[in-house]
Amino acid sequence: MALWFVTAIFAALFAMAGTMKVIKPYRDIRSQMEWVGTVTPAQSKGIGIDEALGAIGMVLPAASRIAPWLTPYRGLGSNGIGPRSVG
């Protein structure tokens, strides 16, 4: 049960962050996050798509009961890559 709770929290955060980067205009995102100024608009959208798909990848293996052991590894990978990509 604890795994589902943590997975749901992280998946929701990744989905929200990714969706924001895909939907909002680049200039609005750049005014909110300084690091966005170091990437192109296409890269920012790509990062958003990657985050949104990552949220699906966190939940889908366990929810479909196909390779549920991938869920914690996906979470660890997402949390390990995020801080390194920013700075």
Side-chain angles (χ1 to χ4, degrees):
M1 188 67 162
L3 175 62
W4 271 110
F5 179 73
V6 172
T7 301
I9 295 291
F10 281 119
L13 291 172
F14 275 98
M16 287 186 290
T19 303
M20 179 197 63
K21 288 181 189 84
V22 171
I23 293 175
K24 286 182 103 174
Y26 178 75
R27 66 181 183 284
D28 292 345
I29 298 169
R30 192 176 60 204
S31 67
Q32 294 174 346
M33 300 178 206
E34 289 183 28
W35 68 267
V36 175
T38 64
V39 299
T40 65
Q43 288 172 321
S44 177
K45 299 287 184 203
I47 291 168
I49 291 168
D50 182 50
E51 288 175 344
L53 291 175
I56 294 168
M58 283 180 138
V59 176
L60 194 59
S64 66
R65 296 181 192 238
I66 299 173
W69 55 271
L70 289 174
T71 298
Y73 290 112
R74 175 63 181 130
L76 289 172
S78 297
N79 293 322
I81 291 171
R84 279 182 260 159
S85 65
V86 173

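Every value quoted in this text rests on a predicted model; they were computed, and no experiment measured them.
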Residues passing the side-chain hydrogen bond (donor to acceptor under 3.5 Å, both in side chains) test with K45, sequence neighbours excluded, are none
| message | Is it the case that the side chain of Y26 and the backbone of V36 share a donor-acceptor pair, with hydrogens and angles ignored and the cut-off at 3.5 Å? | response | yes
Here the salt bridge (charged side-chain N to carboxylate O under 4.0 Å, His left out) pairs for residues 52-70, sequence neighbours left out, are none
Side-chain donor-acceptor distances from residues 11-23 under 3.5 Å, at least two apart:
residue: T19; atom: OG1; partner: A15; partner atom: O; Å: 2.7
residue: K21; atom: NZ; partner: E51; partner atom: OE1; Å: 2.9
residue: K21; atom: NZ; partner: E51; partner atom: OE2; Å: 3.4

Output for pair (I56 CD1, L53 CG), nearest 0.5 Å, gives 5.5 Å
When every non-hydrogen atom of S44 is compared with those of I29, the smallest separation belongs to OG-CD1, 4.3 Å
With sequence neighbours left out, the residues meeting side-chain hydrogen bond (donor to acceptor under 3.5 Å, both in side chains) with Q32 are K24
